Every structure is written in C-alpha cells, then in structure tokens.
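The next block holds one structure in the form of structure tokens; read it before the comments.
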Amino acid sequence: MSLYPHLLAPLDLGFTTLGNRVMMGSMHTGLEERGDWPRVAEYFAERARGGVGLMVTGGMAPNPEGGVFPGAAGLYTDEDLANHRLVTERVHAEGGKIAMQILHAGRYAYGPDCVAPSAIKSPISPFKPRALDEEGIEKQIADMAMAAERARAAGYDGVEVMGSEGYFINQFLCAATNQRADRWGGDYENRMRLAVEVMRRVRAAVGRDFIVIYRISLIDLVPGGQSFDEVLRLAHAMEDAGATILNTGIGWHEARVPTIATSVPRAGWAWVTRKLMGRIGLPLVTSNRINTPEVAEDLLAGGAADMVSMARPFLADPDFVAKAASGRAAEIAPCIACNQACLDHTFEGRVSSCLVNPRACHELELRYTPAAQAKTVAVVGAGPAGLMAALVADTRGHAVTLFEAEAELGGQLNMARKIPGKEEFHGLVEWFARLVQSARITQRLGHRARLEDLLGFDEVIIATGVTPRDPAIPGSPAPHVLRYTDVLRGGAEVGARVVIVGAGGIGFDVAEYLAHAGPSATEDLALWQREWGVADPAAHPGGLAPEGPRPAPPARQITLVQRKPGKPGKTLGKTTGWIHRASLSGKGVTMIGGLSYQRITEEGLVVRRGEGPEEVLPADTIVLCTGQEPLRDLAESLRDAGQSAHVIGGADVATELDAKRAIDQAARLAARL
Ligand code: FAD
Ligand code: NAP
Ligand code: SF4
C-alpha cells in the first residue's frame, strides 16, 4: 500500500485521467524569452519523467499588450505555435500532461501600453494603464480564447486561465481597480462578467475534451478585495461556464502580506481552499508553501482539496513524485522557499534556477554524468559548498572523503536554521546529511583537516568557508561586543538593549533572532495571521483584518545600523527584502543608515550621522555582523607543498556569498572533475 494513497490516487476528469493529485504550478523561468525552446522542452520533459500528474507552463501572453513586460513570451504567432509544439511533444514522449497558462497582466504589464478596466495605476508599477472601451474588452477576450485554441493546436492537454494574483481578470473583479459604470463594472454581476465571458469563450474555442483550469483569487489580500460570497459566486459561475478544475490563487502581487516566502507557515493558505470544498462540483486545487509529500497527503486526506499544486518544489526536485511513490521521499531535495534563485532571478530578468538544485533550467548544460576516470577526492568543509561538491563527485563515481571540523554537517546553515522564520533550513541540512550518509562518502566529522591529511588525493576541494570580519572599531574587543557567531553558535548572553552593526542578510537575521520571544510564528498559523493582519474573507472582504498587523511584542530593544546612506535592507532579496523590513519594523527595530562608527564605550556605540555631532546609541550588547573574509589557509599550504586545490564557496570569494552561489559553484566544479 502506498504511503501517500490520496496524493498518488488518479483523478478522473471524465475525458482524461491525471495519474495523481500533484500539479506543478505555473512558474516563469525566463527561458522562453531567450527563445531557447529546446531548453524549455528539456526542463518540462525532465519533470514529466518525474511523474507529476499535470504541469502548467509559465504565464503566456495572449497578445502584446497583455505580456508581463514588452517581449514577454506568449502564444499569438505561428512561430510561437511551433515553439510550443516542441515542448508538448517532449512532455508527451515522457508520458506527461501539460497545460499552458494564459496570462493577461492588465495593469501589471510593465510597459506604457498596458490596459485595464480603469485607468488606475498599481502601486507596484510606474505605468498608468489605459482604460479599455467596449471594443478593447472584446479584443482581449477574443485574444484569450484564440490563445486557448492555439494551445490546443500546439498539443497542450489544457490551459489555465489566470484569474488571480491581481492580474487583468482579477482587476475586473475588484471595485478598487474596476470603477467602470458600464456592463463590465459596478455590481459584482458586472465585475465578474469578464471572467465568465473569458471562460465561456475559451471553452467554446477548445471543445469539451480539453482541460480548462481557472486560477481563482480566493483571498485578494488588498483593500477593496472580494468577499468570500463573491468568490463563491464566481466559482459557481466558472463551473457553469465550462471550467474543468479550480486552482487556488492567494493574494495580489501588490499585497503586503507574504504568501509564499519561507517565513509563511507550511500549507498556511490551505484553509482558504478548504472553505470552498463541498460547495462546488469541480475538483479544487490548493497551493502555497506545500513542499513535502507528507504535508500534501495530509491536506488531501483531511479534505482541504482534491489536488495539490506545488511549483518551486519541482525546481528543487523534478523527481518529487517518483521518489514519493517509490518510498524514497527522504531523498526529495527540499524547496526551502527562499526565492533566491527562482523568483528573485525572474525579477532581475535572469533565468530562474534553484538554490538547492542548480540544474533547474540548466538541464542541458549541467549534467552529472559518470566520470571517465574514478579519482580519490578530498573535500574539506561540510558547509553547502563542500556538501554539494561531495555529493556530485560521489554520484559521478569518485571516491570522496569529506572532512568537517565541527561535529555536524551544514556549516553556516546551522546558524541560518536557528533564525525564526527560517525553519526550512533544518530540512535542507537534514537532506544533505541523509544523502551523504547513504552515499559512499567517507566522513571525517569533528576533524579539522591539516595539510598532511590531504596529500596524496587525486583532487582536493577546499570549502572551508569564512571567518567573520572584524571592523576594528576603537574600543573593541570588549566583553559586551560579540560576533554573530558568538550569538548564534556560541549561545552568548545578550542584553536588553542591542546595537547590531552591519545590516546585510546576517544583520537582519540576527535582529529577527534577538527581537524574538516565544514560538516562531512560522510554526503557529494563528500567531502568523495576527502578525500579518490576515482575516477570514467571509468576515472581512479581501481577507485583511480591520485592526491591521499585530505582531508579538519584541524581546529586546534593537537598533540595526550600517554605514551606507539610506534605509538598511536594500541588499536583501528582491522578493523577500520587504518582508524582512516589515517584520523588523513590526518588532520595533530601529534601522539607521549613513553612520560612521567612532568608538565603542560601556554605554554603547558612538556614531556620527554624516557630518553631524557624535551621539551614543545606547547598548548593553553590540553584535558585529560586518561581513566575512575567506578562510583558505589550507589551499595556500597545499600550493606551497606542490599540490593543487580547487577553492569554492566562501573560501573562494566571501563578498556577497550565499548558499546559492556556494552550491552552484560546487556542483559545476564536481560535474567536471
Ligand atoms: P560554510 O557554510 O562556512 O562552511 C564551511 C565549513 O568548513 C564549516 O562547517 C567549517 O567548520 C568547515 N571547516 C573550516 N575549516 C576546516 C578544516 N580545516 N577542516 C575541516 N573543516 C573545516 N545564505 C543563503 O543563501 N540564504 C540564506 O537565507 C542565508 N541565511 C544565513 C543566515 C545566517 C545567520 C548565516 C550565518 C548565513 C546565512 N547564509 C544564507 C549564508 C550561507 O550560510 C553561506 O553563504 C554558506 O554557508 C557558505 O557556504 P560554504 O560551504 O562556502 O561555507
Ligand atoms: P553583507 O550582506 O555583505 O553585509 C555586511 C554588512 O556589514 C553590511 O551592512 C556592510 O554595510 C557592513 N560592513 C561591511 N564591512 C564593514 C566594515 N569594515 N565595518 C563596518 N561595517 C561593515 O554580509 P552578511 O550580512 O554577513 O551576509 C553574508 C552573506 O550571507 C550575504 O551575501 C547574504 O547574501 C547571505 N545571507 C543571505 C540571507 C538571505 O536571506 N538571503 C540571509 C543571511 C545571509 P556598510 O558597509 O554599509 O556598513
Ligand atoms: Fe525553492 Fe529557493 Fe529553489 Fe526557489 S531557489 S525553488 S524557493 S529552494
């Protein structure tokens, strides 16, 4: 009997059957825009091979004005059709099913030609949209129906009509963005007319035996969002208009509530889907922050949904379903919901990938093929760089010995996982440890490698990481001055008033750690909802609590400082920085930029703001989070002894180091040894 009987049960849609209840949700990868369709095809083919029941492509524009940015990928020309056919053929050859998402961005389209129900600019776009007239609306509907017809011609098994996340259709549904006085605006009947008309026309264009998913915004998370009665009405209307499946959408892009970040509790939005269960006749898909087969199975077994959508977990591991089905769930590479290589890349105009799996979207170029000649390989340091290098080298047939000075694997990830809101890092370290354990890797834990340990190996990889930078502020060292490692690793005592020097990723994390008291909100949904002001949309339209966010009181009085002018936090992740800033603001953390540090005294940190006078930032404890320097003495000793070494991760370059770069560099090195 399967460990995941609900997850792995087929879903009969009448005219076709999905092999299991797992949908790979839509993600923009940036590959399509580069016109590299063989790469797109390989990306989807690998995931089809991994057994997922149904995949949905990234959003495809039905016309130029609907694209998320000028030149965004779409399906409206003959050339587009041929490209998409490459994808569907490869997926079908692997036994998979794939639907194309039709995405009209409306006022979110990043360009001056964007269109919307009303000429109201979004707070996250510089472009004011043009309000469509009757003819313009008809054109958009016709283009979406045509995109669906073309998707069928291109060989897709279905389409998903994107009706959530604050895009075009969603903009019609909400009074805040739809202030029309004609039959497309006003009361809800009128505001939902566009969504219903699109579904009706799409169904008419594709015939009965074609999957049509509607991604419905169940909780808008913006002022003026839909009430739950309205959502329910729309769900019924979609059923009547010919939808096959309803997929969950949570929150508009401009919402100030996190919806998929790592600090969102696992399955933290499934309760909204559950509210619809049993009230409509269509299969319902739930989504957001579901990243293990256990969580997915529990949701389905508990009646939260008929199907589960996971998107980023399929970047982390294309074989998610195959591993779950064959009793190897423990080997599934975990998506830690960091957004660092996927969504952040998208917003930077780069190809997406995955921090945990650098092969994601690089399937053709980065392959772990058997080595021509098996070698002995020493890897020094079991942080993410060393761990990944060891695993890939082992996969390729090399005999690997892994040295780690500490008693446990993980390197700095063991500090990261102590931060409230970063609990997913536990899973990452545990996954690495399990794989190392089951590989043929010889582990030398608790052993600080010396030169003599390394002589004689065919290849030596130095992944010894970093050492905290000493900013050499006059007055330090002093008993009340600590490094972040003393706090996070050493458990040093920290006073009630804290100044954190350095406001990079680690400064922010240390602030979160020290501001925190009691259970982590990430592990307590009710607490998390209070912290972010989330309410039941049945009581409060849009799902925003009228009293706003109510974070727990902070454990300490914290000041976070940097030398750069401007507000700290600008170097944080594109899609998550605002969450860190909002979280610390909610905990009363004072953030100051543009300081010069004069000296440390018993009273605190003496600073100047620009050319201003000296002032004291009072502190019982000062924590230094001022970056790192590479730790690579061993590589230099090896070179002196005539043995070459590869240096990776923080040991190579400490500036702007993160686990993403460490893992990527390690995988690429080990793939060519
Ligand atoms: P390390 O992780 O530093 O590992 C080096 C290892 O080498 C250590 O375990 C050390 O004990 C060992 N070692 C050193 N010398 C020897 C020797 N002679 N013999 C044997 N072993 C030796 N990155 C992200 O991408 N996202 C995040 O959200 C994130 N959050 C973070 C939060 C915190 C609080 C911290 C501290 C870091 C965070 N990072 C994050 C950064 C990330 O952890 C590092 O970039 C990454 O760990 C660097 O990997 P590495 O393998 O190069 O080095
Ligand atoms: P960082 O981001 O480079 O920040 C270092 C901070 O120290 C900066 O605020 C810098 O600001 C200050 N600083 C640098 N040199 C200094 C000096 N000599 N004197 C005084 N201040 C100095 O590094 P980090 O915070 O240590 O993080 C290390 C890496 O881990 C980062 O690259 C980051 O990507 C990664 N990380 C990521 C996350 C995440 O959530 N994605 C979380 C934690 C860590 P000023 O120069 O303006 O003072
Ligand atoms: Fe998940 Fe991070 Fe990988 Fe994105 S980069 S898929 S969020 S682990």
Side-chain angles (χ1 to χ4, degrees), residues 27 260-262 291 311-316 333-345 352-357 360 380-389 402-406 408-419 422 424-425 428 444-445 447-450 453 462-473 484-485 488-489 501-510 513 560-565 568 571-573 576-577 580 593-595 597 624-628 630-634 648-652 654-663 665-666:
M27 280 179 288
I260 60 166
T262 192
N291 63 346
R312 298 169 298 170
F314 283 95
L315 290 176
C335 165
I336 56 171
C338 63
N339 284 358
Q340 288 177 235
C342 50
L343 218 51
D344 283 350
H345 279 205
S352 291
S353 188
C354 174
L355 176 141
V356 179
N357 172 25
V380 187
L387 287 165
M388 193 66 178
L402 178 61
F403 296 91
E404 170 52 54
E406 301 287 328
E408 57 179 0
L409 304 174
Q412 292 179 62
L413 299 181
N414 289 315
M415 287 186 275
R417 65 178 171 163
K418 290 190 177 152
I419 310 299
K422 285 194 154 180
E424 288 293 350
F425 281 78
L428 180 57
R444 303 281 308 273
L445 290 187
H447 182 87
R448 184 168 291 280
R450 296 170 310 250
D453 293 318
I462 300 294
T464 43
V466 294
T467 183
R469 177 185 291 132
D470 177 3
I473 302 172
Y484 66 88
T485 45
L488 295 176
R489 198 179 271 145
V501 182
I506 292 179
F508 267 77
D509 275 357
V510 169
Y513 179 80
L560 178 61
V561 299
Q562 68 179 22
R563 297 170 306 176
K564 277 186 289 297
T571 56
L572 300 176
T576 50
H580 294 297
L595 299 185
Y597 311 135
L624 303 176
C625 302
T626 45
Q628 295 99 9
L631 188 66
R632 52 168 174 244
D633 315 358
L634 258 183
I648 58 172
D652 179 25
T655 311
E656 289 178 13
L657 167 73
D658 59 8
K660 176 182 74 170
R661 199 185 80 209
I663 289 174
Q665 189 183 17

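Just so you know, ligand 1 is whichever comes first in the structure, and atom 1 is the first atom listed for that ligand. Positions are given from 1, in the same order as the sequence printed here. Treat the numbers as computed from the prediction; the structure is a model and nothing was measured.
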Ligand 2 and [X], any nitrogen or oxygen pair closer than 3.5 angstrom?
| X | result |
| --- | --- |
| Val501 | no |
| Leu657 | yes |
| Gln562 | no |
| Asp658 | no |
| Pro471 | no |
| Arg469 | yes |

Looking at atom 39 (N) of ligand 1, tell me if a protein heavy atom falls under 4.0 Å from it.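 So atom 39 (N) of ligand 1 lacks protein heavy-atom neighbours under 4.0 Å.
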
For atom 10 (C) of ligand 1, is the nearest protein heavy atom under 4.0 Å away?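 When distances to the protein are checked, atom 10 (C) of ligand 1 has a heavy atom within 4.0 Å.
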
Could you tell me whether [X] approaches ligand 1 through its side chain, its backbone, both or neither, with non-hydrogen atoms closer than 4.0 Å?
| X | answer |
| --- | --- |
| Arg450 | neither |
| Arg448 | both |
| Asp509 | side chain |
| Ile506 | side chain |

Could you check whether any heavy atom of [X] sits closer than 4.0 Å to an atom of ligand 1, since that is the contact criterion I want to use?
| X | answer |
| --- | --- |
| Lys422 | yes |
| Gly505 | no |
| Tyr513 | no |
| Ala463 | yes |

Of the protein's non-hydrogen atoms, which lies at the shortest distance from [atom], and what is that distance?
| atom | answer |
| --- | --- |
| atom 21 (N) of ligand 2 | Thr626 CG2, 3.3 Å |
| atom 18 (N) of ligand 1 | Ala449 O, 3.3 Å |
| atom 48 (C) of ligand 1 | Leu657 CD2, 3.6 Å |
| atom 4 (O) of ligand 1 | Gly383 CA, 3.4 Å |
| atom 26 (N) of ligand 1 | Gln340 OE1, 2.7 Å |
| atom 21 (N) of ligand 1 | Ala405 N, 3.0 Å |
| atom 31 (C) of ligand 1 | Ala416 CB, 3.6 Å |
| atom 34 (C) of ligand 1 | Leu488 CD1, 3.5 Å |
| atom 47 (O) of ligand 2 | Lys564 N, 2.8 Å |
| atom 3 (O) of ligand 2 | Gly627 CA, 4.8 Å |
| atom 14 (C) of ligand 1 | Thr464 O, 3.3 Å |

With atoms numbered from 1 as shown, which atoms in ligand 3 lie under 4.0 angstrom from a non-hydrogen atom of Ala337?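 In order of numbering, the contacting atoms are 1 (Fe), 7 (S).
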
Testing the basics here: between Val510 and Cys625, what is the closest heavy-atom pair and its distance to 0.1 Å?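 So the minimum-distance heavy-atom pair works out to CG2-SG, 3.9 Å.
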
Is the contact between [X] and ligand 2 made by the side chain, the backbone, both, or neither, using heavy atoms and a 4.0 Å cut-off?
| X | value |
| --- | --- |
| Tyr597 | side chain |
| Ile473 | neither |
| Asp509 | side chain |
| Lys422 | side chain |

For [atom], which of [options] has the closest heavy atom?
| atom | options | result |
| --- | --- | --- |
| atom 44 (C) of ligand 2 | Ile506, Thr262, Asp344 | Ile506 |
| atom 5 (S) of ligand 3 | Asp344, Asn339, Leu355 | Leu355 |
| atom 50 (P) of ligand 1 | Ala385, Gly410, Ala666 | Ala385 |

With heavy-atom distances below 4.5 Å as the criterion, would you say the side chains of Leu413 and Pro384 are in contact?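 The answer is yes; the side chains approach within 4.5 Å.
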
Under 2.8 Å from atom 1 (Fe) of ligand 3, can any N, O or S atom of Cys335 be found?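 Checking Cys335: at least one N, O or S atom is under 2.8 Å.
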
Any N/O/S atom of Cys338 sitting less than 2.8 Å from atom 3 (Fe) of ligand 3, backbone or side chain?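 No, since none of the N, O or S atoms of Cys338 sits under 2.8 Å from atom 3 (Fe) of ligand 3.
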
Please identify which atoms of ligand 2 are closer than 4.0 Å to at least one heavy atom of Glu656.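 Selected atoms, number and element: 32 (O).
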
Going by heavy atoms, is Cys625 under 4.0 Å from ligand 2?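 Yes.
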
Any nitrogen or oxygen of Tyr484, main chain or side chain, under 3.5 Å from a nitrogen or oxygen of ligand 1?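 Such a contact does not occur with ligand 1.
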
